[in-house]
Each structure stands twice: as C-alpha cells, then as structure tokens.
Number of protein chains: 2
Amino acid sequence: MPLVTVEVVLLTAGERDLLVYLRKRREAPFESVLSLPGGPVRIGESTEEAAQRVLETRTNLQGLYLQQLYTFSDPGRDPRGHSLSVAYYALFPTTHQRPNADPLEDAWVPLRAAIKRDLAFDHAGILEASLKRLQGRLNYTSDAYYLLPERFTVPQLQHVHELVLGSSLKPDVFTKRVRDTLKRHLTRETAPSNGAGRPARLYRNPVASGHASLATVGGAP
Amino acid sequence: MPLVTVEVVLLTAGERDLLVYLRKRREAPFESVLSLPGGPVRIGESTEEAAQRVLETRTNLQGLYLQQLYTFSDPGRDPRGHSLSVAYYALFPTTHQRPNADPLEDAWVPLRAAIKRDLAFDHAGILEASLKRLQGRLNYTSDAYYLLPERFTVPQLQHVHELVLGSSLKPDVFTKRVRDTLKRHLTRETAPSNGAGRPARLYRNPVASGHASLATVGGAP
DNA sequence: ACAAAAGTGTTGAGAGTACACCCATGC
DNA sequence: GCATGGGTGTACTCTCAACACTTTTGT
C-alpha cells in the first residue's frame, strides 16, 4: 500500500505576487531544500483534518479556508518509496501579520518564482496546479475574498485578482464588474488615505466568518 | 495508515439519462448492494493506472478517458475501517455496444435514479459529485465529445448536453453556439435518416484518438 | 490650486436569444 | 404534398469594455 500524506499550499497576497509558505526540510531526502508543509494522514482522520493539523503544527493557524486541489500519486514522486499525496491549498487573509517562526526554517516566497525553483519532490508541480486552479475559480467562487481582511476596498479586491491572474486590470472596468454583487456589503466607512488620492470605500467581507484565527498562544511563533 | 483505493464512475449516454455502470457486491459489507467498480491501489502504480486496471478487469475496456474527480477520506465511509478513495470518472462513447457481462452482476443504471438509491459506502455521494463536475466542465472542456462516437451530428451533441444538464435546449440556439467551433470538423457525409425529417450532417469527433477500445478478445465481456 | 486615485455616466461592440423562414427526407 | 426534423438568416437584448468625466483626498 502506498503511504498517504497531505501537502498544504498556504497562500497569501503579497505586494507583487502571491506568496507561498515554504519550509526548509531538515531530513533527507532533499535536506535543506524548500518544501511544502505536509505529513502523513493518521488513522481516523480525514485528509482535510490532517491538512488543518499540519497547518496548525507548522504555523499555529487554525480554521483556514481549505480547498482540495488534486491527489498526486506518481509512484516515482518520492525516492524513498511509493507515496500518495492529497494536496490542499489554504488561503490566508491579510488580516493579521503573517506568521513566520524562524527565517532560517520557513519563508514566504513569491509564487511564480517558487514554481521555477528546485523544490523538494513534485512540489513545484503542486504549486503550478494550485495557481491554475485558483485562476480558474477566481470568477465563480469566493476564493479571492479569503485572501482579503474583514474590511476591504475595491482596489484591494482588484489587486488580489491581478495577483492571481498575473496581469493588470482596468480600474473602471473592474469596479463595474463587482459593484452589483458588492453593494450589499458596502459600509459607511472609508479606508484611511494611502498618501495620495481619494480614499476608497470599505466593504464588509462576505466570507469573514471563515477567516483565520491564531491558535491559543503557547505554540512556537 | 488508511487503506488506499480507487473508485471509477463509468458513464455513458443513454436515451433519457446518463447511465452509470454499477455492479452488485458479492462480499460483506453491503453484500448484493449496487456499488461502483473499485479496488485497492497497488504499490508502484499511480491511481490513474489503478483506475484503468479496475476498468479493464470489470468491463474489458481499455484506454478510456479518465478524469480525477475528488478524494474521499471520511474515516467513517467504510465500516470495516478507515479507507481513502481517489474517485475518477470515465466516459464511454456510444461507439460500440456497451459491455455488460452478467445481468445479475452488473448493470447500467440511469444516473439520477442511481444517486437517489441506496448504494454501497458513500458511492451515491460520489455519483452526485461526478454529475456536478461534469456539468461544470461541460462548456469549457471536451468532455461531451468523449461520450460521442467517432462521427456525430449536432443533434447528438445537443442530446449529450441535455443529458448532462438535465434540461432541454433549443435546437437553433444550440446549433449557433457550437457551429463555429465545429465547422473545422464538418464532413461531407450525412447521417442516415432516422425515420422522419432531414438527415443531420456528420462531424468528425475532435477527440476520437482518446476513444475506447475493447481489450484483446479472451476476457469475459 | 494641483496631482493622484476613487468612483460614475455614456457609448459602442459582441455574444447570445427569439423568431421566422428555408431545406431534405419518409410516407 | 405534407409532416417531421435539420439548418440558416435577421432583429433584438444584454453584458462588458472604452472613454470621458466628477469626487475626494494630500501637498
């Protein structure tokens, strides 16, 4: 029987690209190579529970939005022997500060750069599949909102879309596309001005309930 | 470690609904209950290879179009113990006759009826997920063509779309939607008349290469 | 006042729908 | 010829992109 593991692609919105959480492996094979957080699935737990457990162990984050991506089962993907990985992607909102335990151990890496790097196992391929899936789901799911804080502006939402698509969008066109669906969530507040220009209006995040929470303090970070 | 298996949702186009291939279980649990063809994944084979092997063992069909659906891992899904199933759906064109070994052992069941039945394990849920996925992919993939023979007509293609969507489409609207993409594959032949009305024009199937082939004769069929 | 960014109103092109009409076959 | 179903052409609608314009802030 192949060994069953999960891998988690933890993503958040950075300045110029999506950022993916990677950690430096301590064990062979691929010692000191960057890899996705992951681990074996235990008896009696679903793969989704395993993914949540891995996330909490590595980053102290609980209850993140998870989406099953694909199951990778090429017998050659792990040099130690046949292992099968159920990959999930997790979306971390820009609400809180990003957890980052030890700069020598883990890192937030720009996604497109990470895909081109030499990562452990087939993890570069898993990142590529995550990006493609996210791009495909962008316009008919709420995925983008899981990358935004509890209050956000249209320009912020546009920025997330641009990060996912990897191209820039025209502000007026984008605004029109989302105005109708968003107006239900308009607040009377405006965002603090960011130096120049008119401040944007704030919207309530429609998926705020599913947002991240830091686990009870006591863990590593 | 959970046990790793594959399940295959083998679908084809029937008269009034999609048909799914189910077989009557011989073993406990769920003895003599209808279930999806499936089986354990062997060391050294990918889940896709395992799915192909299961298909060939059960139906003598080789090289069918397969699509990974989802991985089901609820620890309670198998009463014997924790097992994880990677589900695939397979599309069987209406080219050849449908294989059907023993009417007491296996059957082609209308999909929507099957979803409502009491099937073994969580197989009804797997069927439901297959239908939803197929519906979502219908308009931006070639899935529909994998259900059609090597030569097909626009009304046949429309019929497949109607089966997947579960609703009827207007012939003129549908024709316009597919005409441009299809005209590259128009042949000079026309279909034999089906009793009344003008015969439809035949098109070459754009995905005919990926079609089914019966394995070397010698098995059960 | 001016620059910068947010937000709005108007126009025009393209996709998709409805409707009407023409074509090829069996009886 | 007529019924039946396949195929096409035309007008209408609705969405979406482009462009021009107004609003609100910081300097």
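Here is the naming used below: chain letters follow the sequence lines, and residue numbers restart at 1 for every chain.
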The first and last nucleotides of DNA chain D lying within contact of chain A, meaning any atom under 4.0 Å from one of its heavy atoms, run from D:dA17 to D:dG26
Main-chain N/O of [Y] paired with [X] side-chain donor or acceptor, under 3.5 Å:
| X | Y | result |
| --- | --- | --- |
| B:S73 | A:T47 | yes |
| A:Q135 | A:V164 | yes |
| A:H123 | A:L36 | yes |
| B:N205 | B:Y145 | yes |

Counting only heavy atoms not in A:R137 (residues, nucleotides, ligands), do more than 12 fall under 6.0 Å from its CZ? yes
What residues in residues 173-180 of chain A put a non-hydrogen atom under 4.0 Å from any atom of DNA chain C? A:K176, A:R179
Please state how far atom [atom1] in [X] lies from atom [atom2] in [N], giving the value in whole angstrom units.
| X | N | atom1 | atom2 | answer |
| --- | --- | --- | --- | --- |
| A:H159 | C:dA5 | NE2 | P | 14 Å |
| A:Q156 | C:dA6 | CD | C1' | 13 Å |
| B:D172 | C:dC21 | CG | C1' | 11 Å |
| A:L182 | C:dA6 | CG | P | 15 Å |
| A:K183 | C:dG7 | NZ | P | 15 Å |

Classify B:P155 by what it touches in the nucleic acid, base, sugar-phosphate, or nothing, heavy-atom distance under 4.0 Å. sugar-phosphate
Hey, are the side chains of A:L19 and A:P110 touching, using non-hydrogen atoms and a 4.5 Å cut-off? yes
Sequence neighbours excluded - salt bridge (Lys or Arg N to Asp or Glu O under 4.0 Å) pairs with any residue from residues 182-200 of chain B: B:R151-B:E189, B:D180-B:K183
Nearest nucleotide by nearest heavy atom, which residue falls closer to the 5' end of DNA chain C, A:T153 or A:G197? A:G197
Might you work through the side chain to side chain donor-acceptor pair (under 3.5 Å) test for A:Q158 and A:E162, ending with a clear yes or no? CA-CA 6 Å; A:Q158 180 183 339; A:E162 289 174 337; 3.0 Å; yes
Taking every non-hydrogen atom, the tightest pair across A:A191 and A:T153: CB-CG2, 3.7 Å
Both A:T190 and B:L202 contact DNA chain D. Taking the nearest nucleotide for each, which residue is further toward the 5' end? B:L202
